[in-house]
Amino acid sequence: MHTHTCYSDGDLNPAELVKLAKNKGMKILSITDHDTVDGLCEARWECGKQNITLIPGIEFTTETEYSGIEVHILGYNFDPEDSRLLRMTDHAKQNAKDYCMKVCSELESHDMEIDYSLLDNVKGIITKHDITLSVMNKEMSNYDFHNIWLSEDSPLNITMEIFPAKKVIRTIHETGGKAVCAHILRTLEQSNRQPLFPYMTESLIRCGLDGFEVFYANSSKEQVQKMYELCSAQRLIMTGGSDFHGTNRTGRCQLGEYNSYTSTLFRDISGILCKSYNNYPVENAIA
């Protein structure tokens with residue numbers, strides 16, 4: 001059985017995402033929306049109809065001991081109804097809402113016109129993509145607007161309160177899951193801090209991290225090999241994913257797709273996460 005796991009960020013209705021996965025021939029799916037599990041109930045229902053195994057997932061936005069560097073921690077196969085996890089996601093939703101209001105106020109001071117009705121109707125957590133879509137009079141693409149106004153180099157000096165990575169890893173473990181760091185090489189490249197790689201990975205491992213995303217959507221061969229060697233040396237879980245954000249998103253892979261140059265080197269990824277889920281054997285999954 002050849003299967004894939006992948007993750008999304010809420011740009012598709014969960015049921016539509018599951019149907020798309022079915023059309024792609026996928027048997028195993030993990031949806032890791034940012035800081036929320038709101039879509040998992042609907043996804044589980046549709047997965048049951050489509051005979052797809054759903055591995056509960058989430059992608060927490062966190063910070064490490066290295067100030068100013070945002071790190072994304074993926075949680076897999078936890079209890080999505082655990083009160084400790086839900087308190088954290090409720091907190092994250094409020095943090096995102098507070099950040100959104102501050103950013104929109106600043107954008108309006110730069111003569112931007114905001115469609116607040118769009119933001120009021122967001123399902124799940126408000127993202128920077130939602131803020132981008134809400135700006136009605138921007139004279140550039142959504143991609144360029146995000147990079148100019150909402151990236152780390154933005155002229156807006158606004159930060160969002162996020163969780164310490166150690167706290168997130170502990171909560172994922174307490175709710176029965178595994179914690180994996182997503183696309184850390186991309187994260188460091190975006191902030192031009194590649195030399196911190198050995199120190200940040202060591203710090204996360206000390207915090208109890210279970211693994212790293214070995215291949216991520218557009219990873220290069222060298223990046224895949226570097227992450228593979230790290231996980232092999234430390235005996236950590238290896239995962240990967242398409243980072244699918246919707247069919248029309250610029251610069252993103254499609255569902256279940258990725259550039260993997262060394263897939264034959266990897267162990268049974270989902271089998272490491274769980275031997276079975278919903279009485280369905282999980283075997284030979286390559287994300």
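Counting begins at 1 with the first residue of the sequence.
No option in V168, V71, I162 other than I162 meets the side-chain contact (heavy atoms from CB on, under 4.5 Å) test with E63. Tested against S117, the residues D120, D115, N121 include a single side chain to side chain donor-acceptor pair (under 3.5 Å) partner, D115. Screening I172, T171, V180 against I73 for a side-chain contact (heavy atoms from CB on, under 4.5 Å) leaves a single residue, I172.
Side-chain contact between L86 and V37: present, with at least one pair of heavy atoms (C-beta onward) separated by less than 4.5 Å. The shortest side-chain heavy-atom distance between V103 and L156 falls under the 4.5 Å cut-off. H146 is not listed as a side-chain neighbour of I148, based on a closest heavy-atom distance of 4.5 Å or more. Side-chain contact between L230 and M227 is present, with heavy atoms from C-beta onward closer than 4.5 Å. Put simply, the side chain of N137 reaches to within 4.5 Å of the side chain of V135, judged on heavy atoms. Proximity of K93 to D38: side-chain heavy atoms (C-beta onward) are separated by under 4.5 Å at one or more points. You'll find the side chain of Y76 stays beyond 4.5 Å of the side chain of P56, heavy atoms only.
Distance alone, capped at 3.5 Å, is enough to place a donor-acceptor pair between the S134 side chain and the I131 backbone. In this structure a side-chain-to-backbone donor-acceptor pair under 3.5 Å is missing from N147 to D144. Looking at D210, its side chain never comes within 3.5 Å of a backbone N or O of I237 through a donor-acceptor pair. A donor-acceptor pair is defined here as one N or O able to donate and one able to accept, closer than 3.5 Å; such a pair exists between the side chain of K138 and the backbone of T132.
Two different hydrophobic clusters hold I125 and L74 under the rule that ILVMFWY side chains link at heavy-atom gaps under 4.5 Å. Placement of M200 and L185 within a single hydrophobic cluster is found when ILVMFWY residues are connected by side-chain heavy-atom separations under 4.5 Å, directly or transitively. In this structure, I31 is not a member of the same hydrophobic cluster as V122, with clusters built from ILVMFWY side-chain heavy atoms closer than 4.5 Å. Hydrophobic clustering (side-chain heavy atoms under 4.5 Å, transitive across Ile, Leu, Val, Met, Phe, Trp, Tyr) groups V214 together with I205. The hydrophobic clustering, which links ILVMFWY residues whose side-chain heavy atoms are closer than 4.5 Å, places F163 and I158 apart.
The structure places NZ of K178 at 13.0 Å from CD1 of I55, a figure rounded to the nearest 0.5 Å. For the atom pair E161 CD and H91 NE2, the distance stands at 4.0 Å (nearest 0.5 Å). Considering CD of E174 and CG of L85, their distance stands at 10.5 Å, rounded to 0.5 Å. Taken to the nearest 0.5 Å, the CD atom of Q234 stands 8.5 Å off from the CZ atom of F212. Taken from OG1 in T187 to CD1 in I69, the straight-line distance is 9.0 Å, to the nearest 0.5 Å. With rounding to the nearest 0.5 Å, the separation of NE2 in H34 from NE2 in H72 is 4.5 Å.
Residue I58 comes nearest to T89 through the heavy atom pair CD1-CG2, 3.7 Å, listed as atom of the first residue, atom of the second, then distance. Heavy-atom minimum distance, Q50 versus V18: CG-CG1, 4.0 Å. Listed here is the closest heavy atom pair of K166 and C207: CB-SG, 3.8 Å. The two residues L119 and I126 have their closest heavy-atom pair at O-CD1, 4.1 Å. Pairing each heavy atom of A92 with each of D35, the nearest pair is CB-CB, 3.7 Å. The two residues R44 and P80 make their nearest non-hydrogen contact at NH2-CG, 3.4 Å.
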Check your understanding: Given E229 and Q225, is the side-chain contact (heavy atoms from CB on, under 4.5 Å) satisfied, shown in steps?
Key -> CA-CA 6 Å; E229 290 173 356; Q225 192 64 38; 3.4 Å; yes
**Study point:** Pair F60-M88, side-chain contact (heavy atoms from CB on, under 4.5 Å): steps then yes or no
**Key:** CA-CA 10 Å; F60 276 111; M88 184 171 282; 3.7 Å; yes
Review point. Can you check side-chain contact (heavy atoms from CB on, under 4.5 Å) on F145 and K128, steps first, answer last?
Key: CA-CA 10 Å; F145 182 88; K128 291 181 179 180; over 6 Å; no
Review point. Taking it one step at a time, do Q94 and D90 satisfy side-chain hydrogen bond (donor to acceptor under 3.5 Å, both in side chains)?
Key: CA-CA 6 Å; Q94 186 61 49; D90 285 344; over 6 Å; no
Check your understanding: Taking it one step at a time, do R186 and Q223 satisfy side-chain contact (heavy atoms from CB on, under 4.5 Å)?
Key -> CA-CA 9 Å; R186 187 198 70 161; Q223 290 171 329; 5.9 Å; no
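Other residues, nucleotides and ligands contribute at most 12 non-hydrogen atoms within 6.0 Å of the OH atom of Y199. Heavy-atom contacts from other residues, nucleotides or ligands closer than 6.0 Å to NZ of K97 number 12 or fewer.
E16 has no carboxylate O lying under 4.0 Å from a charged side-chain N of K19, or vice versa, which leaves the two without a salt bridge. Salt-bridge formation is detected for the pair E202/R206: a Lys NZ or Arg NE/NH1/NH2 atom is positioned less than 4.0 Å from an Asp or Glu carboxylate oxygen.
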